[in-house]
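Step one of this worksheet: look at the structure below.
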Amino acid sequence: MRALAPLLKAARTLRGGPAALVLLALVFCAIFAPLLAPFPYDAMHLPSANMEPDAKHWMGTDEFGRDLFSRILYGARISLGVAVSSMAASVLIGVIIGGLAGYFGGWVDRTLMAISDMTWSFPEILIALVLIAIIGPGLGSTAVAITVGYFAQFARLTRAQIIALKGETYIEAARNLGASDAAILFRHLIPNAMTPVLVAGMLATGDAIILEATLGFFGLGAQPPLPSWGAIMSSGTAQIFIAPWVILYPGLVIAVAVVSINLFGDALIDALDIRGKLREG
Amino acid sequence: MISYFARRLLLLIPVFLGLSVVIFMIIHLVPGDPIDHILQIGSSPERKAALMAKYGFDQPLLVQYGIWLGKLVQGDLGDAIILKQPVSTLIAQNLPYSLALGSAALVFSTVIGVTIGALAAMAKDSFFDRALMGIILAGSTVPSFWLGLMMILIFAVELGWFPVSGAKNWQAMVLPVLTIGLGGIALVARVTRVAMLDAARQDFVLMLHAKGVSRREIYLRHILRHAMLPVVTLLGLKIGWILGGAVTIEFVFARPGLGSLLITSLNQRDYPVVQGCLLMLGIAVMLGTLLADIVQAAMDPRIRDRVS
């Protein structure tokens, strides 16, 4: 339960409170999309194509007469699901690489950090496009692109934490008691270094949502008829003059989600008092 | 300074080789034989073998890479499969548009971003500071392509001030530059503000106050100059991001350019063009970092000695 205390503290602030509510609501929509959505996400009904928002279709319909509100609800599943799960993978890889580099130092450090700096120096969108060129468009390559695009940040952060913690007395004590390198790194050092990395991961999830939307918009992410927030807009560009709501609403939902993540993350940084640690690495 | 420049240039060689290997491998890591993308369905095995030999795919991978790199250095990027032109010609046609858009966006976001950041720092914690930073924060949380589409809807469709798309005249550049620039402004303003607040806490500022220099002069002549170092660093690092932004924005505004070419080619699986575009963008990112390092070293002699 101790891990929950900073979350609750952040949720009690003026910034964090509303943001936490919005995020919970979005997650709720993502989980219960099939129950909440008034229509299936792929139910076409051509006579009611490009309809303005009204009582039946709260956010209007797209070029195939599909209900936009339902598609955005299902889109929460895909967009949030891909962003959160691939960011989790990215944090995991970053922590392992940064942990090994920081703990062992020497050539291990130099090799691992050279690889991670290579991805660090190029914009995520370029890395994503290279990976999609190799794997081909789809949700899977979007997830890989997010994982590869962001891990360097977490590797650097973890490495800085590990180097700072390595000299602590309790690590020396553990080593003298006969703990192995693996035990020291994974049982003692990494758990103590995790807090700033997890917060950085949470903040980066907002960027991941935007990257997913961009790739989806280009037709390189979720493939039709799957409705990710970006993919919904992709089919809307041709209709932008007739049915601007197909572009408007998904973008607003993305903005609300990303702003909430940033505000709650910011409140969390203050609650944990780790603003200085996040600048390391 | 010259030796610093030389050392810094040498450091780029391994990065460039790494980049070139990754981009070379694209065509080989794609599922299926690279030649299958060129062959028509139902071609004979003999024709396939002939094509394999023609493109050099029957050679060992390392030899292929050597040949590819050799041609690359001479500016030969191969031929586009679908567009049926040399890739270098396609890039030469599109690059000026991207450069114009990118540099206009860079200048726009630097000038406005530094001004806003400096004003916010001078009025720290005031309502103005908070409001400005709040708006900027909100502006950087929407996807830039969406911002572009909204600009089209408002300023091109509703108000009719600017053309919807294309690159015929300077008016067509206003909305794309604004769209890319807004993200850049947010970044530059935030860094300028923090750097100025940091600089304002230093001892020399206290001394300037003690000497009776006016607040305005301290901020504009001393603190701002001091704070430019992190801003220049950031700008160099973000040249790539601005180009990345240009990739998406060109596509939204249907402007010619490397980004539009790249996205179209990715969707058509025209791999030689994809390779060429990615290589150009990668080189641009590398040069941006280099430029930032050199400007930084020119501004601060301490950095010249510190390079590893």
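- The contact between B/Leu149 and chain A is made by backbone and side chain atoms together, counting heavy-atom distances below 4.5 Å.
- Although no hydrogens or angles enter the test, the distance criterion places a donor-acceptor pair under 3.5 Å between the side chain of B/Asn94 and the main chain of B/Gly257.
- When the candidates A/Ala255, A/Gly251, A/Pro137 are compared by the number of heavy-atom contacts under 4.5 Å with chain B, A/Gly251 comes out ahead.
- Every pair tested for salt bridge (Lys or Arg N to Asp or Glu O under 4.0 Å) that includes a residue from residues 17-26 of chain A fails, sequence neighbours excluded, so the list is empty.
- Between chain B and the residues A/Ile254, A/Ile209, A/Leu248, the most heavy-atom pairs under 4.5 angstrom are made by A/Leu248.
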Stepwise, does the side chain to side chain contact (heavy atoms under 4.5 Å, CB included) test hold for B/Ile263 with B/Thr248?
-> CA-CA 8 Å; B/Ile263 304 291; B/Thr248 55; over 6 Å; no
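- A/Ser228 and A/Tyr74 form no side-chain donor-acceptor contact under 3.5 Å, judged by distance and modelled atom types alone.
- Scored by the side chain to side chain contact (heavy atoms under 4.5 Å, CB included) test, A/Ala101 finds A/Asp109, A/Leu112, A/Met113, A/Arg159 as partners (sequence neighbours excluded).
- Proximity to chain B (any heavy atom under 4.5 Å) is shown, for A/Ile261, by neither the backbone nor the side chain.
- The candidate from B/Pro143, B/Ser265, B/Cys277 with the greatest count of non-hydrogen atom pairs under 4.5 Å with chain A is B/Pro143.
- Rounded to the nearest 0.5 angstrom, B/Tyr65 OH and B/Phe24 CZ are separated by 8.5 Å.
- By a heavy-atom distance cut of under 4.5 Å, A/Ala213, A/Thr214, A/Phe217, A/Phe218, A/Gly219, A/Leu220 are the residues of residues 212-220 of chain A near chain B, going up by number.
- If you measure heavy-atom distances from A/Leu131 to chain B, you find no contacts under 4.5 Å at all.
- Of all the listed residues (A/Ile247, A/Val259, A/Asp207), the one sharing the greatest number of non-hydrogen pairs under 4.5 Å with chain B is A/Ile247.
- Scanning both residues, A/Val199 and A/Gly265, for their nearest heavy atoms gives CG1-O, 4.3 Å.
- For the pair A/Ser234 (side chain) and A/Gly230 (backbone), a donor-acceptor distance under 3.5 Å is absent.
- Residues satisfying the side-chain hydrogen bond (donor to acceptor under 3.5 Å, both in side chains) test with A/Thr142, not counting sequence neighbours, are none.
- Note: A/Tyr249 OH to A/Leu68 CG = 8.5 Å, rounded to the nearest 0.5 Å.
- In this structure, no portion of B/Ile23 lies under 4.5 Å from any heavy atom of chain A.
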